[in-house]
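I'd like to ask some things about the structure below.
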Number of protein chains: 2
Amino acid sequence: MATLNDVAKLANVSKMTVSRVINHPDKVTDDLKELVYQAMRETNYHPNVAAKALVNNRTQIIKFLILEDLDITEPYYMKLLVGIAMDLSKQQFSLQLVIPDNIDIGDCDGYIITGMRHKDLDWIQDLKKPVVIFGENHYDLDFVDVDNKKGTMEATRYALEEGYEHFVFIGIDMDEAFEYSREAGYMEFLQERQMAPEIYRMANHSHSGSEFIQAHIDQFEPNTCFICASDRLGLGIERGLQACHKQIPDQYGVIGFDGVFLHQIASPRLTTVKQPEVEMGSAIAQMIVDKVNQNNIPQGHKLFAPELVPSESTR
Amino acid sequence: MATLNDVAKLANVSKMTVSRVINHPDKVTDDLKELVYQAMRETNYHPNVAAKALVNNRTQIIKFLILEDLDITEPYYMKLLVGIAMDLSKQQFSLQLVIPDNIDIGDCDGYIITGMRHKDLDWIQDLKKPVVIFGENHYDLDFVDVDNKKGTMEATRYALEEGYEHFVFIGIDMDEAFEYSREAGYMEFLQERQMAPEIYRMANHSHSGSEFIQAHIDQFEPNTCFICASDRLGLGIERGLQACHKQIPDQYGVIGFDGVFLHQIASPRLTTVKQPEVEMGSAIAQMIVDKVNQNNIPQGHKLFAPELVPSESTR
DNA sequence: AAATTAGCTGTTAGCGATAACAGATTTAAC
DNA sequence: GTTAAATCTGTTATCGCTAACAGCTAATTT
């Protein structure tokens, strides 16, 4: 591998000039810059990450902490991870995956955390390195998330446009910001139209959705659309309706949330609110790298517009 | 952070001795070793990865290449990744995730590759760094995989023990080693008992399985058990049977393969051949690290015994 | 008992990069 | 035209660690 020195010799300048061309190009004349760029191309120069890390007292490592139970979330993070990993490597950072039962050893330059709950606030605030959260929160922690409220709002609007007359929200019984936002989007849309919301909350499992429907099917008139807080619940609702011999999408509609894998394997395929996972991953990566480079200054938050993907579970 | 120097001072030895205690403990007397260990504990010493990497001309980075389409495999690799990541970080390596549409920049010490197909052989053999494959192959490339043959063998045995009389294999129409091994396990088991195998191959999608059953249900007498090459196919077979109003598990049994997420959300829950993903991940990590440390010498392969997990889709 | 050897431990140099300072050159100012 | 200021480039030292060699002590040999 070519080093700074090789480039410097070829360009007939000092290592320092080459280094400056890379890190402070404004402090070098254009002539020299051209020379150096040329030499870099000829030698196929790529900076040595270890050396850079050493001299900057960095590790070039970002840790990705998944605080949720993997058995539940398994498919969810794969694409997010891809988005994060792609962007981090472009910036010469690598990723370390950390899950709870994996004692966290070794240093890093920053953390990306997902699945954060209230109880985690204390130790997260005590972390000495920059942190970015995936998932909205009200703690002044920088975060990236999908616009949950907008998602359910559009889902409800879509259900209305497709001619359903009743709208029931199937939520997750968790005391977390994303759930409140999803409920809020649904409620706000209905209230603007003088309609009363109807919300049920349950554990985020397909079987809870299925059992719930079978136990309460009498309460739900035909032409009802179920807006669900997750595809997993949506899948369960579909199953429950099928067990009751109801027609989807004619008699009942179902809309999920996430658009991560599960909606594809549902039958009928689930209309869902799809999250732009890869882009969100990139954004998180960008945010944590910026934060590392800018001395841990706050970055605020970024909400991504979800996309309603119509499929077979609605008309 | 404490450095070698800090430890050395506290223990009243030279940096070199401390370094030796870590890397060549046999070349240091026990007394000194104790002293140094004590000092390391007191200073809470952790080696600086960047410095180590720099001096060893390493990157301490392993790349994980996923050559398959992520939309298909999404949930599959998450736990494997966790296993790999856990073990790699223990050895002070970090992971870089690489997928095809992500130009692969930057150096690394070794590769873990999954989803390899025949056509990939050439460039993989040309890689200049150690490689370990996830997935069996006949190319003399070191690999880790589940014992595919054993898996379908046990699945078929289980179906027989549960009283099914006919055994049909639903395979994936891919010309790859893992598929042949899965078929071989099924065939061998039947042939030992003088029974004729019956194999159908199709695309690895739940919908292909479902359509296949609906088109050919007449060919399959009751008391047949379908041994599937994937949970995805198993799920589809279940759906097809249900569409034909057949009883699972009484009239027909279904056994999947993988045990990665999908079997849980099937209804009835799918009996499956579960792969020990996390352990396989650890093994891959260990293998690639050994290979890096041992100058790229061949490591052979490791097959992991799968576990048959009975559930609702068989008696 | 002197000479050889084996076994530890310490010293030096260098991995590839950068910050801080010093030095050289150009430009501006009087 | 000399001096001061501004701008650019090079030199030196350093980040934390380890290989290679040098140096020392203690054990072994003759």
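Predicted model, so just to flag it, every value in this text is computed and none were measured. Note on naming: letters A, B, ... go to the chains in the order of the sequence lines (proteins, then strands), and numbering restarts at 1 for each one.
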Query raised in the report: Within less than 4.0 Å of OP1 or OP2 of D:dC15, is there a side-chain N or O belonging to B:T3?
Result: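 Checking D:dC15 against B:T3, no side-chain N or O comes under 4.0 Å of OP1 or OP2.
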Query raised in the report: Looking only at side-chain N and O atoms, does B:N23 come under 4.0 Å of OP1 or OP2 in D:dT18?
Result: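 Indeed, a polar side-chain atom of B:N23 lies that close.
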Requested in this report: Take atom NZ of B:K52 and atom P of D:dC15, then tell me their distance rounded to the nearest Å.
Outcome: 19 Å
Query raised in the report: Can you find a side-chain donor-acceptor pair between A:Q125 and A:Y139 that sits under 3.5 Å?
Result: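 No donor-acceptor contact under 3.5 Å links the two side chains.
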Query raised in the report: In whole angstrom, what separates B:M1's CE from D:dG16's P?
Result: 11 Å
Query raised in the report: Just checking, any donor-acceptor pair under 3.5 angstrom between side chains of B:N293 and B:R58?
Result: yes
Query raised in the report: Do we see a donor-acceptor contact under 3.5 Å between the side chains of A:S282 and A:D87?
Result: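 Their side chains do contain a donor-acceptor pair, which is all the 3.5 Å distance test asks for.
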Query raised in the report: Over how many whole Å does the gap from B:Q92 atom CD to D:dC17 atom P extend?
Result: 10 Å
Query - Residue pair A:T43 / A:D6, side-chain donor-acceptor N/O under 3.5 Å - result: no
Report task. In whole angstrom, give the distance that lies between atom CG of A:L54 and atom C1' of D:dC17. Result ->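 About 8 Å, once rounded to whole Å.
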Query - Candidate nucleotides D:dG10, D:dC15, D:dC17, ranked by approach to the side chain of A:V55 - the nearest - result: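 Out of D:dG10, D:dC15, D:dC17, the nucleotide with an atom closest to A:V55's side chain is D:dC15.
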Query raised in the report: Starting at the 5' end of DNA chain C and moving along, which residue's nearest nucleotide shows up first, A:L4 or B:V13?
Result: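 Nearer the 5' end of the strand: B:V13.
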Query raised in the report: For the pair made of CG in A:D26 and P in D:dT7, what is the distance, rounded to whole Å?
Result: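 About 12 Å, once rounded to whole Å.
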Query raised in the report: Do A:Q38 and A:E42 get their side chains close enough for a donor-acceptor pair, meaning under 3.5 Å?
Result: yes
Query raised in the report: CD of B:Q60 versus P of D:dC17: gap in Å, rounded?
Result: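 One finds 13 Å between P of D:dC17 and CD of B:Q60, rounded.
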Query raised in the report: Under 3.5 Å, is there a donor-acceptor pair between the A:S181 and A:E136 side chains?
Result: yes
Query raised in the report: To the nearest Å, how far apart are B:L32 CG and D:dT25 C1'?
Result: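 Atom-to-atom, B:L32 to D:dT25, this comes out as 13 Å.
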Query - Positive for side chain to side chain contact (heavy atoms under 4.5 Å, CB included) with B:L32, one of B:V21, B:V18, B:V13 - result: B:V13
Query raised in the report: Taking atom types as modelled and ignoring hydrogens, do the side chains of B:Q275 and B:E307 form a donor-acceptor contact shorter than 3.5 angstrom?
Result: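 On atom types as modelled, these side chains do not qualify, holding no pair under 3.5 Å.
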Query raised in the report: At what angle, to 10 degrees, do the two end axes of the helix from C:dA1-D:dT30 to C:dC30-D:dG1 meet, given five pairs define each axis?
Result: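 Answer rounded to 10°: the end axes differ by 50°.
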Query raised in the report: Rounded to whole angstrom units, what separation is found between the NZ atom of B:K9 and the P atom of D:dG16?
Result: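 Atom-to-atom, B:K9 to D:dG16, this comes out as 11 Å.
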Query raised in the report: Any side-chain heavy atom of A:I61 sitting closer than 4.5 Å to one from A:D107?
Result: no
Report task. State whether A:H24 places a side-chain N or O below 4.0 Å from either non-bridging phosphate oxygen (OP1 or OP2) of D:dC8. Result -> no
Query raised in the report: Using a heavy-atom cut-off of 4.0 Å to chain A, what are the terminal contacting nucleotides of DNA chain C, in 5' to 3' order?
Result: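 Span of nucleotides near chain A: C:dG16 to C:dA20.
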Query raised in the report: Just checking A:N48: base, sugar-phosphate only, or nothing, at a heavy-atom cut-off of under 4.0 Å?
Result: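 It contacts sugar-phosphate atoms only.
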